[in-house]
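Counting convention: from 1, in listed order, for ligands and their atoms alike.
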Amino acid sequence: MNVSPFDLSNKVALVTGANTGLGQGMAIALAEAGADIALIGRSEPSNTLAKLSEVGVKTHSILTDLGSADKVSGIISETADILGRADILVNNAGIIKRNEAIDFTPDEWDAVMNVNLRTLFFLSQAFARHLIAAKKPGKIINIASMLTFQGGVRVPSYTASKSGVGGLTKALANEWAGHNINVNAIAPGYFATNNTAALQSDEKRNAEILGRIPCGRWGRPSDLGGAAVFLASQASDYVQGITLPVDGGWLSR
Ligand code: NAP
């Protein structure tokens with residue numbers, strides 16, 4: 001019997017911020033491909049756990065605030081202890097602060113940079129240390145943004161963090177590809193989640209955004225599933241350092 005190159009049976013994926021939105025969508029897609037799932041975040045992921053139990057995979061939830069990178073090394077070892085291994089890390093948790101650049105505060109800057117970039121780096125480092133010590137391959141998937149490629153307006157720390165994610169994805173791929181760790185990113189376009197609630201409810205911005213998306217609709221969390229499974233699976237073993245847009249055509253305009 002041929003095994004699909006997208007099969008994730010006997011793999012364990014850690015997904016940060018999986019209680020809602022894109023993290024929930026990717027956790028379900030990875031589970032449907034066969035992976036057991038560790039959900040890492042600050043809010044009880046009861047809704048996602050219910051959906052994953054319908055898929056029938058093993059799960060483990062770790063409640064922690066990713067605004068500080070201090071406790072991240074324990075996340076990988078706890079997952080490996082409870083679920084038996086750690087093969088895939090999806091760095092999805094992220095926040096956005098909207099304010100004029102001229103008024104932007106140090107707190108607004110630090111809050112976004114800490115979750116979106118600093119913790120992403122140190123959790124990836126803990127994951128890579130674990131894999132390298134065990135001489136095992138692995139997959140890191142960072143969640144980037146259209147603002148990895150574009151400047152945006154009124155979101156300076158978000159743009160800086162997500163541009164940093166694109167650069168860091170390449171830098172880590174360069175260092176860890178030789179250890180059979182793939183480091184890639186997904187850049188979602190405009191998806192209907194809590195993160196974009198302010199844009200969706202602003203009639204003018206909503207119309208401007210929809211008018212520019214060739215697919216003519218906001219993305220749904222399930223739209224990220226195929227890209228996540230691809231970058232988590234053997235199918236992408238020779239793919240390194242890319243940021244893959246999943247944007248309904250936004251960047252093609
Ligand atoms: P979301 O619904 O707001 O989900 C964000 C997730 O991150 C939530 O689970 C959230 O937990 C978690 N999180 C935030 N701060 C945290 C912290 N300090 N500690 C632990 N967990 C924390 O937004 P989303 O749209 O799904 O965003 C997911 C990722 O995609 C983010 O990196 C975002 O920047 C990126 N993205 C989104 C879009 C889009 O259009 N939606 C586009 C491009 C990129 P809580 O529920 O407790 O807040």
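- Of all the heavy atoms of Asn195, the ones lying under 4.0 Å from any atom of ligand 1 are found in both the backbone and the side chain.
- Contacts between Asn92 and ligand 1, counted as non-hydrogen atom pairs separated by less than 4.0 Å, involve both the backbone and the side chain.
- Ranking protein heavy atoms by distance to atom 22 (C) of ligand 1, first place goes to Arg42 NE, 3.8 Å.
- The number of heavy atoms from other shown groups lying within 6.0 Å of CG (Asp237) is above 12.
- In this structure, Thr64 has a heavy atom closer than 4.0 Å to ligand 1.
- The nearest non-hydrogen atom to atom 5 (C) of ligand 1, considering only Pro221, Gly94, Gly21, comes from Gly94.
- Heavy-atom distances between Ala144 and ligand 1 reach below 4.0 Å in at least one pair.
- The nearest protein atom to atom 9 (O) of ligand 1, hydrogens excluded, is given as Asn19 OD1, 2.4 Å; this is a heavy-atom distance.
- Residue-ligand proximity: Met146 is placed with every non-hydrogen atom at 4.0 Å or more from ligand 1.
- At the shortest separation from atom 43 (C) of ligand 1 among protein heavy atoms lies Pro188 O, 3.5 Å.
- Note on ligand 1: Pro45 sits outside its first shell, no heavy atom being nearer than 4.0 Å.
- From the protein, the heavy atom lying nearest to atom 13 (N) of ligand 1 is Ala93 CB, 3.9 Å.
- A pairwise comparison of heavy atoms in Phe6 and Phe230 identifies CE2-CD1, 3.9 Å as the closest pair.
- Salt bridge annotation for Glu208-Lys204: present, with a cationic side-chain nitrogen under 4.0 angstrom from a carboxylate oxygen.
- Only the backbone of Tyr190 comes within contact range of ligand 1, with a heavy atom under 4.0 Å; no side-chain atom does.
- Residue contact annotation: Tyr158 has a non-hydrogen atom under 4.0 Å from ligand 1.
- When non-hydrogen atoms are compared, ligand 1 lies under 4.0 Å from the backbone of Asn194 as well as from its side chain.
- Atom 4 (O) of ligand 1 has its closest protein heavy atom at Thr20 CG2, 3.8 Å.
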